[in-house]
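Side chains are part of it too, since the values below use all heavy atoms of this structure and drop only hydrogens, waters and symmetry mates.
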Amino acid sequence: ERSYAYTQVRHPAQLREPERVGQEAARKTLARLNPRKCETAEVPVLFVPEMASGLLSSVISAISGGSLYRKSSYLLDRIDSRIFPEWVNLTERPLLRGAMGSSAYDGDGLPTREQRFVVDGVLCQYVLSLYSANRLGLSSTHNAGGVRNLYLQGEMDFAALVKQMHRGLVVTELMGQGVNLVNGDYSRGASGFWVEDGEIQYPVHEVTVASNMDRMMRDDLLLVGSDLDPHRSIASGSMLFQRMMVAGS
């Protein structure tokens with residue numbers, strides 16, 4: 001079994017001590033010893049922040065100009081429609097001092113600015129560069145090179161989310177490229193931990209988690225944790241979904 005840990009910031013003085021990074025990597029690796037397979041069932045699934053941030057990045061890819069003008073996004077023509085629960089708001093803050101994604105200008109040389117992409121769960125604008133905006137007959141959102149400092153954070157800590165799910169799977173690692181942005185289908189190999197009675201019981205491996213991104217984000221996203229890692233340009237706290245198909249032994 002193996003795992004990892006790392007530290008990244010924009011100022012060297014803010015890096016974590018190497019000993020702490022090594023201890024975290026060791027703790028995560030030891031927790032994965034003697035894994036099992038779990039049963040096949042539709043159960044709640046909790047993605048830890050690293051995996052949840054990847055899910056959020058996939059949504060941003062689906063509302064980005066390149067996917068839209070190629071007509072390869074399940075969120076094509078979805079402006080003013082609900083794509084998240086009503087409590088979700090996504091705001092880009094590219095001018096945060098010292099943040100990983102901060103930049104005064106985008107890749108086209110246009111000044112960056114704070115702006116909202118999702119308000120009360122409703123998609124209100126796309127992510128566009130000059131080129132993609134021109135292809136779509138729209139105006140640039142000053143996002144050549146992507147979004148900068150976009151965070152999704154809730155109020156519950158990780159332990160509270162595990163207790164809330166009661167029974168299901170905690171996903172700590174994903175394998176494969178099983179995200180189809182054209183229709184939203186999602187299916188990836190995973191490993192993590194099985195939860196019973198609101199407590200982690202044992203590590204699991206060689207399972208598959210599957211659903212559809214549109215349904216996941218709009219209908220099945222129950223809670224987002226407070227455990228966000230701000231040292232990413234696109235980041236989320238742990239995401240708890242009320243149902244996903246988990247295929248095990």
Checklist entry - Leu123 versus Asp80: any side-chain heavy-atom pair under 4.5 Å? => result no

Next on the checklist: Are the side chains of Val170 and Val195 in contact, using a 4.5 Å heavy-atom criterion?
Outcome noted: yes

Item to check | Spacing of Glu199 atom CD and His166 atom NE2 [to the nearest 0.5 Å] | outcome: 10.5 Å

Checklist entry - Are Val45 and Met165 close enough that some pair of their side-chain heavy atoms sits under 4.5 Å apart? => result no

Item to check | Any Arg116 side-chain heavy atom under 4.5 Å of Leu90 side chain | outcome: no

Next on the checklist: Closer than 3.5 angstrom, by distance alone: can the side chain of Lys37 be matched with the main-chain N or O of Val207 as a donor-acceptor pair?
Outcome noted: no

Checklist entry - Does a side-chain heavy-atom distance below 4.5 Å link Val122 with Val119? => result no

Next on the checklist: When you compare the side chains of Asp106 and Thr112, does any donor N or O come within less than 3.5 Å of an acceptor on the partner?
Outcome noted: no

Next on the checklist: For the CD1 atom of Ile234 and the OH atom of Tyr151, what is their distance to the nearest 0.5 Å?
Outcome noted: 10.5 Å

Item to check | Worked check of side chain to side chain contact (heavy atoms under 4.5 Å, CB included) between Met51 and Leu174 | outcome: CA-CA 7 Å; Met51 304 302 107; Leu174 292 164; 3.9 Å; yes

Next on the checklist: Check this for me, if you would: do Arg16 and Glu24 make a salt bridge, where the nitrogen-to-carboxylate-oxygen distance has to be below 4.0 angstrom?
Outcome noted: yes

Checklist entry - Any donor and acceptor pair, going by atom type alone, linking the side chain of Asp229 with main-chain N or O of His231 inside 3.5 Å? => result yes

Next on the checklist: Quick check for you: to the nearest 0.5 Å, what is the distance between Ser81 atom OG and Leu75 atom CG?
Outcome noted: 7.5 Å

Next on the checklist: Using side chain to side chain contact (heavy atoms under 4.5 Å, CB included), reason through Val246 and Cys38 one step at a time and then give a plain yes or no.
Outcome noted: CA-CA 8 Å; Val246 176; Cys38 62; 3.7 Å; yes

Checklist entry - side-chain contact (heavy atoms from CB on, under 4.5 Å) with Ile63: which of Ile79, Val147, Leu128, Val127? => result Val127

Show which side-chain atoms of residues 93-102 pair as donor or acceptor with protein atoms under 3.5 Å away, not counting sequence neighbours.
| unit_1 | atom_1 | unit_2 | atom_2 | d |
| --- | --- | --- | --- | --- |
| Ser102 | OG | Leu96 | O | 2.4 |
| Ser102 | OG | Asn149 | ND2 | 2.9 |

Checklist entry - Distance from His205 atom NE2 to Thr172 atom OG1, nearest 0.5 Å? => result 12.5 Å

Next on the checklist: I need the minimum non-hydrogen distance between Leu56 and Ser236, along with the two atoms involved.
Outcome noted: CD2-CB, 4.2 Å

Checklist outcome for this item: When rounded to the nearest 0.5 Å, the distance separating CZ of Arg148 from CZ of Arg113 is 11.5 Å

Item to check | Separation of Leu110 CG from Ser140 OG (nearest 0.5 Å) | outcome: 5.0 Å

Item to check | Atom of Gly248, atom of Thr40 and distance for their closest heavy-atom approach | outcome: N-OG1, 3.0 Å

Item to check | Heavy-atom side-chain contact between Leu169 and Trp194 under 4.5 Å | outcome: yes

Checklist entry - Got a salt bridge between Arg215 and Asp219, using NZ or NE/NH1/NH2 to carboxylate O under 4.0 Å? => result no

Next on the checklist: Run the side chain to side chain contact (heavy atoms under 4.5 Å, CB included) test on Met213 and Leu55 for me, step by step, so that the C-alpha distance in whole Å, both residues' side-chain angles and the decisive distance to 0.1 Å come before the verdict.
Outcome noted: CA-CA 9 Å; Met213 287 287 292; Leu55 287 172; 4.0 Å; yes

Item to check | Selection residues 167-190 - residue pairs positive for salt bridge (Lys or Arg N to Asp or Glu O under 4.0 Å), sequence neighbours left out | outcome: Arg2-Glu173, Arg32-Glu173, Glu39-Arg167, Arg167-Glu196

Item to check | Stepwise side chain to side chain contact (heavy atoms under 4.5 Å, CB included) test for Gln201 and Phe193 | outcome: CA-CA 7 Å; Gln201 300 296 320; Phe193 299 91; over 6 Å; no

Checklist entry - Where do Phe47 and Phe241 land on the ring-ring contact (aromatic ring centres under 6.0 Å, His included) test, with the steps shown first? => result CA-CA 8 Å; Phe47 289 77; Phe241 297 93; 5.6 Å; yes

Checklist entry - Can you list every side chain to side chain donor-acceptor pair (under 3.5 Å) pair that touches residues 54-74, not counting sequence neighbours? => result none

Checklist outcome for this item: Shortest non-hydrogen pair, Leu161 vs Ser238, comes out as CD1-CB, 3.7 Å

Checklist entry - Above 12 or not: heavy atoms from other molecules or residues under 6.0 Å from OH of Tyr105? => result no

Next on the checklist: Within the structure provided, determine whether Tyr186 and Met244 are in side-chain contact (heavy-atom separation under 4.5 Å).
Outcome noted: yes

Item to check | Under 3.5 Å side-chain donor-acceptor pair for Gln115 and Asn143 | outcome: yes

Checklist entry - Checking Asp220 side chain against Leu240 main chain: does a donor-acceptor pair fall under 3.5 Å? => result no

Next on the checklist: Closer than 3.5 angstrom, by distance alone: can the side chain of Ser53 be matched with the main-chain N or O of Glu50 as a donor-acceptor pair?
Outcome noted: no

